[in-house]
Amino acid sequence: MISNGSTQQFDKETIMAIIESIMCTEHVATAIVDGESYEILLENQLAKELFEEKLYLECQKIFSTSEVISMDCVATSSVDKTISLIRYSEVLDRALTWEISKIDWLDGKKAFLVHILDNVANKVPMSKEDLLRIHNIEEKNCLDSLTHIPNYSMFYTNAEQAILNNPDKSYAIVVFDIDKFKTINDLYGMTNGDLVLKFIADTLRDLFAEEDNYARMHSDMFAFYIPYGKKGDIIKSIEKIRKRIETNEFDFHINTSYGIFLADDLSVPINLMCDRAMIAGRTAKGNVLKFCAFYDEQFREDMLRANEIEKDMHKSLENGDFKMYLQPKYRLSNGELCGAEVLCRWLHPEKGLMPPMEFIPLFEKNGFILKLDEYMWEQACKTIRGWIDEGRQPIPLSVNISRYHIHHNDLEKVLTNLVKKYDISTSMLTLEITESLFLDKPEELNRELVKLQNLGFKLEVDDFGAGFSSLNLIRNITVDTIKIDRDFLDSEIASEKGKIVINHTIDMAKDLRLQVIAEGVETKEHVDFLKNSRCDIAQGFYFARPMPLSEFNKFSF
C-alpha cells in the first residue's frame, strides 16, 4: 500500500492525511492495524460509527495483544494474502465479516488493512450454527498442521455439539499454555519448541484417546472440554495432564497454567468460553502456588465495568469531566508552601466523583492515558499562566509521566510545545516518574530524561522505596528529587531498624545532592521524624487533602 520510496517525496503527516482521505471514500468500515503492537493506526468514519470508538475491543478477538490473545486470532497464523473471516462480535451481538490483508506501512513497518462488513446491516442473518459451519468451510483441514491433533475450528464444533447434545451433563472448557514458552524457543531453539508442542499433543492424545475433545488452539495454547460432577473432578483431570507434561525427557522444565470456564450458560459462544477460560488462566501466571483458576462472574463484571468506562471516556474528556485536583507540598524547615502535585479526578455525569484507581489502570492498558495525561499537563500549564496573569506568585506543579509516553510519544516535543503555548518557564513543571518505570529499558529512559532536564524541567522519582532497584536507580539515573513512598514510610518508622533505613536513605540522597519529598504524611509523628531526618518537603493529609483549583486558590493564596 505504502512503499518506502513514496515516503521520501512527502512528509509523514501529508501521507497520513492522503491515506485517511482515501479511507473515507470506502463504503465499508476500514482500519489499518499495526503489525507488531496491533494498535489501530487509522480508522475511517464508518468504523468509528459502527463501533463507537471501541474497534480495538473487536481487534482483541482477531489480533494478538499483550493483554488478551484470542483463540482464533489472525496474528498467530500467516496472512500472506487477503483472507476473509466471519466472527461473532460480543460488542455488537452479531456476526461481522473481516477481510484482512498484509500491507507495508510508513517507515517500512508492517501492518494489516482491515475491511469490516456488518452482516446485519447487509441483511445477512447469521446464527451460531451458521458460524460453526463457516469455520469448517474456512478450514477444510481441521487438524493442526504441526501436531496433527484437532485445531481450534474442529474444537469449536466438537465442543458445541457435545454441550448441546448432552443437556443433562455439566461441561468445563479448560485452556492452558506453557509458561515462558518464548524463553524455551530462545534458549533451546524453535526445533525443540516444536518438539515440546508435539509432546503435549501426544500427551493429550494418550489421555483422551479417541474422544476428540482436545485441540491445539494456536502457538503454545491448548484446550480440552470434559464433563464433570463437581469442581474437584476438573482439578483432578488437570493435575493428571500437568504431571504427565512435567514428566518428560527434555533438558528443561515444562510448566503449564490452566484456566477453566464452566459451560453452564449455553448462550455464550464457544469461542468466548475459550477466551474467558484463557483470561482466568492468566491470573495463575507467575504464582508458584497456583497453576489453575476458574472464570467467575467477577471477571465478567470487571469486563462490563471496563466497557462502561471506555464508552464514556472520550466524551468526558471533550466535556471537561476530568478535573484537576491539587495537593499542596510544604517545606518542612519553615512550613512554606513550595509546590503541589496534580491529580486527576473524574466527575462522571452519572456516577459522580470517581477516584483514579477506578479508571487509571484501565486507561494505561487501552492507551487512553496518553490523551488524559496530556490534558492534565495542559491544565497545569494553564493554571500556572493564570496565577501569573492574576499577579500571584506561581508555585511549581508536579505532573505524572506514564510508561506510555516514553515508548509511544514524542514526550520532549509535547512538553516544550505546552510551555511555549502558555509562556511559562520549564522549571515550573516537575515531571514525576514512578520507580517501576526504570525497570523497563532504563538506558532509553535515562536518555529521554537527560534531554528534558537539559531543557529545564525538574525530574522527580515517585514511589521511591516501593521497588527493589532503589539504590541502583539513584546511582545511575539523572533526577532532581526522590519521593519516599507512603507505604515505605509507614512500615519503616514503626521500628528502630526502619528509622535507621529511612535516615540513611535521606542522608544518601543528600550526599548525591538530591531533594527528598515524603508523601502520605498523615500524623505529627511522621512530621517530627521527617524533620529530624532532614527531609526537605512533605505532602499528605496532615497538611491538606487533594482539592479542586478553586479551593486550592482560597487555601493557598
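As the structure is a prediction and not an experimental result, all values here were calculated from the model. Throughout, numbering of the chain's residues begins at 1 and tracks the sequence.
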(message) Looking at every heavy atom in both Leu418 and Glu374, which two are closest together, and how far apart are they?
(response) CD1-O, 4.5 Å
(request) Look at the side chain of Lys182 and the backbone N and O of Asp179, then say whether any donor-acceptor pair between them is shorter than 3.5 Å. (result) no
(request) May I ask you to test the Leu343-Pro356 pair for a side-chain heavy-atom distance under 4.5 Å? (result) no
(message) Using a 3.5 Å distance criterion without hydrogens, assess whether the side chain of Arg385 forms a donor-acceptor pair with backbone atoms of Ile424.
(response) no
(message) Please check: side-chain N/O of Thr30 versus main-chain N/O of Val28, any donor-acceptor pairing under 3.5 Å?
(response) yes
(request) Answer yes if the ring centres of Tyr188 and Phe252 are under 6.0 angstrom apart, and no otherwise. (result) yes
(request) Taking all non-hydrogen atoms of both residues into account, name the closest pair between Leu41 and Ala111 and its distance. (result) CD1-CB, 4.4 Å
(message) Does the plane of the ring in Tyr295 sit parallel, tilted or perpendicular to the ring in Phe261? Use 30° and 60° as the thresholds.
(response) tilted
(request) Check the pair Val268 / Arg276 against side chain to side chain contact (heavy atoms under 4.5 Å, CB included), numbers first and verdict last. (result) CA-CA 10 Å; Val268 179; Arg276 291 174 181 179; 3.8 Å; yes
(request) Apply the test side chain to side chain contact (heavy atoms under 4.5 Å, CB included) to residues Tyr171 and Asn213: give CA-CA distance (whole Å), side-chain angles for both, the deciding distance (0.1 Å), then the verdict. (result) CA-CA 11 Å; Tyr171 279 88; Asn213 64 327; over 6 Å; no
(request) Give the minimum heavy-atom separation between Phe176 and Ala223, together with the two atoms involved. (result) CE2-N, 4.5 Å
(request) Applying side chain to side chain contact (heavy atoms under 4.5 Å, CB included), run through Met217 and Cys274 and close with a yes or a no. (result) CA-CA 10 Å; Met217 308 304 278; Cys274 293; 4.1 Å; yes
(request) Find the distance between CG (Asn366) and CD1 (Ile309) and round it off to the nearest 0.5 Å. (result) 9.5 Å
(request) Compare every heavy atom of Pro349 with every heavy atom of Ser316, then report the nearest pair and how far apart it is. (result) OG-CD, 4.3 Å
(message) I'd like to know if the side chain of Asp220 reaches the main chain of Phe181, judged simply by a donor and an acceptor atom lying under 3.5 Å from each other, with no hydrogens or angles considered.
(response) no
(message) Using modelled atom types and a 3.5 Å cut-off, is there a donor and acceptor pairing between side-chain atoms of Asn158 and backbone atoms of Asp212?
(response) yes
(message) Under a 3.5 Å distance rule, please check whether Asn151 uses its side chain to pair with a backbone N or O of Met154 as donor and acceptor.
(response) yes
(message) For Met313 versus Phe363, what's the shortest heavy-atom pair and its separation?
(response) SD-CE2, 3.6 Å
(request) For residues Ile173 and Ala159, report the shortest heavy-atom separation together with the two atoms involved. (result) CD1-CB, 4.4 Å
(message) Between Lys351 and Glu358, does any side-chain N to carboxylate O distance fall below 4.0 Å?
(response) no
